[in-house]
Amino acid sequence: MKKFSIVVAGGGSTFTPGIVLMLLANQHRLPLRAIKFYDNDGARQETIAEACKILLQEQAPEIEFSYTTQPQVAFSDVDFVMAHIRVGKYPMREQDEKIPLRHGVVGQETCGPGGIAYGMRSIGGVLELVDYMTKYSPNAWMLNYSNPAAIVAEATRRLRPQAKILNICDMPIGIEGRMAQIAGLKDRKEMRTRYYGLNHFGWWTAIEDLAGNDLMPKIREHVAKFGYVPPSDKQATEASWNDTFAKAKDVWALDPDTLPNTYLKYYLFPDYVVQHANPQHTRANEVMEHREKHVFGSCNAIIQAGKSSAGELEIDEHASYIVDLAAAIAFNTQERMLLIVQNNGAIHNFDPEAMVEIPCLVGKSGPEPLVVGNIPQFQKGLMSQQVAVEKLVVDAWEQRSYQKLWQAITLSKTVPSASVAKAILDDLIVANKDYWPELR
Ligand code: NAD
Ligand code: G6P
Ligand code: MN
């Protein structure tokens, strides 16, 4: 079987060790000859890389491993680029969350003004990775997790139309895992689902077991009472995420025929979200205090002891999705997967140019989207508004336009008025001066 070479872009990410462990656990499906890390923050990456080096030495010394901050070294001779960069890192995520909250508006990593601000930082960073890949390994595919995936996907569609990039999200997978538990199944792969929407903005319309039995009634009954909190939560979910899974109960009530993505709570219940937020301590603070500390602490312990048992690095089960995707392309498996792709008529009554999240068959030459058909007025209205926001952000980035960005923030369903939008935008410009193009 052919062996593949992978570069993880954003080698210093908190998710990198989990992805490496997951790649190791999946050698039978996607055999590797080389793993490289690339990051533009050499010091941050070094800690993660030195720990992963020890881990790889123990488990798979035959896989060649290296890490670098030099694009040519990183992107030459690779088959896949697995990208998960965060331009501005957690301190800027903290700004994205806290600035809107100061104005009484949802402060969130990928939704509302915070997601828009993050988009304005990410577009340039991801395009840079695409260009390195195209230059040094033109046959490679980029599997991109970097957020905000919806805005990044619109930017790459428009500005790098030929690029072999697939944008993905693990949220539907995470929710489907919970649905499987609710339905009494072991694995989400024992279900066949239908879903449509935008990234962090979608609905399931059908869930069946592999024999074709309808699982919707059972799951619906549970969601109506408990949201996506499963009967026994073995996963030790953090409190803030647990609130989000529980709130799905209220999101579901708006359209009981479907099952919603949890992210819809930010658009449909923004007042609730703001009331329950602490403007001095947001999710970015939680992540810095927990995940980041834990991952870097573990890596340092491994480096000091010279053995991986000294740390507590955990496999990222969600990321097995990225192996499914790489294997689908590498071995033409035609697996059915949810991807963020250009609509192109798949949703009949929706903008053909919009980037939508829908099931696709994936093979050697990429994704083949499945037909969704017509969608109801409620979803269509919400999605049209949100797609317009995402397109305006890319317009703003391309044209360096203050006006377009003001329109984008004003149009977000999380924002009450153009004057509030303007006040938020003016604060965001100051906070992002090192990252955004200068607006005129
Ligand atoms: P992190 O800050 O720990 O890691 C990001 C890394 O990217 C950092 O080491 C940083 O130095 C590096 N980086 C920033 N800009 C770069 C650039 N221009 N070139 C190269 N490297 C650069 O962040 P994290 O919490 O581990 O998340 C990483 C990314 O993955 C984020 O974008 C996050 O939103 C995304 N993510 C997406 C999904 C999804 O569903 N799509 C799921 C999980 C995480
Ligand atoms: C889910 C989403 C990602 C998002 C992440 C945030 O996995 O699909 O797009 O980045 O949650 O999680 P965090 O723990 O960083 O708040
Ligand atoms: Mn996501």
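We count ligands from 1, going down the list as the structure has it; atoms in each ligand are counted the same way.
Counting heavy atoms closer than 4.0 Å to ligand 2, residue Tyr90 contributes nothing at all. By the criterion of a heavy-atom distance under 4.0 Å, the side chain of Arg93, and not its backbone, is placed next to ligand 2. The proximity of Trp241 to ligand 2, defined as any non-hydrogen pair under 4.0 Å, is limited to the side chain.
The atoms of ligand 2 that sit less than 4.0 Å from any heavy atom of Cys169 are 8 (O). Taking every heavy atom of Asn147 and a limit of under 4.0 angstrom, the matching atoms of ligand 2 come to 3 (C), 4 (C), 9 (O), 10 (O). Shown in contact with Arg291 at under 4.0 Å from a heavy atom are these atoms of ligand 2, numbered in order with element: 13 (P), 14 (O), 15 (O). Atoms of ligand 2 found under 4.0 Å from any heavy atom of Arg283, numbered from 1 in the order shown, are 13 (P), 14 (O), 16 (O). Atoms of ligand 2 found under 4.0 Å from any heavy atom of Met171 (numbered from 1 in listed order, with element): 1 (C), 8 (O). Interface of Tyr263 with ligand 2, defined as ligand atoms under 4.0 Å from a residue heavy atom, comprises 1 (C), 2 (C), 3 (C), 4 (C), 5 (C), 11 (O).
Assignment of His200 to the shell around ligand 2 is supported, since a heavy atom sits closer than 4.0 Å. Not a single heavy atom of His318 sits less than 4.0 Å from an atom of ligand 2.
Checked by distance only, ligand 2 and Arg86 stay at 3.5 Å or farther apart across all their nitrogen or oxygen atoms.
Near the Mn ion (ligand 3), less than 2.8 Å away, sit the protein N, O or S atoms Cys169 SG, His200 NE2.
With hydrogens and angles left out, the side-chain atoms of His84 and Thr16 include a donor and acceptor closer than 3.5 Å. Between the side chains of Tyr67 and Asp39, no donor-acceptor pair of N or O atoms lies under 3.5 Å.
Ranking the protein heavy atoms by distance from atom 7 (O) of ligand 2 puts Asp170 OD1, 2.6 Å first. With respect to atom 6 (C) of ligand 2, the closest heavy atom belonging to the protein is Glu109 OE1, 3.4 Å.
Of all heavy-atom pairs between Leu338 and Pro172, the closest is CD1-CB, 3.5 Å.
Residues lining ligand 1 at a heavy-atom distance below 4.0 Å are given as Gly10, Gly12, Ser13, Thr14, Phe15, Tyr38, Asp39, Asn40, Asp41, Arg44, His84, Ile85, Arg86, Val87, Lys89, Tyr90, Glu109, Tyr118, Tyr145, Ser146, Asn147, Ile168, Cys169, Asp170, Arg291, ordered by chain and residue number.
Here NE2 of His281 is found 6.5 Å from CD of Glu286. Values are rounded to the nearest 0.5 Å.
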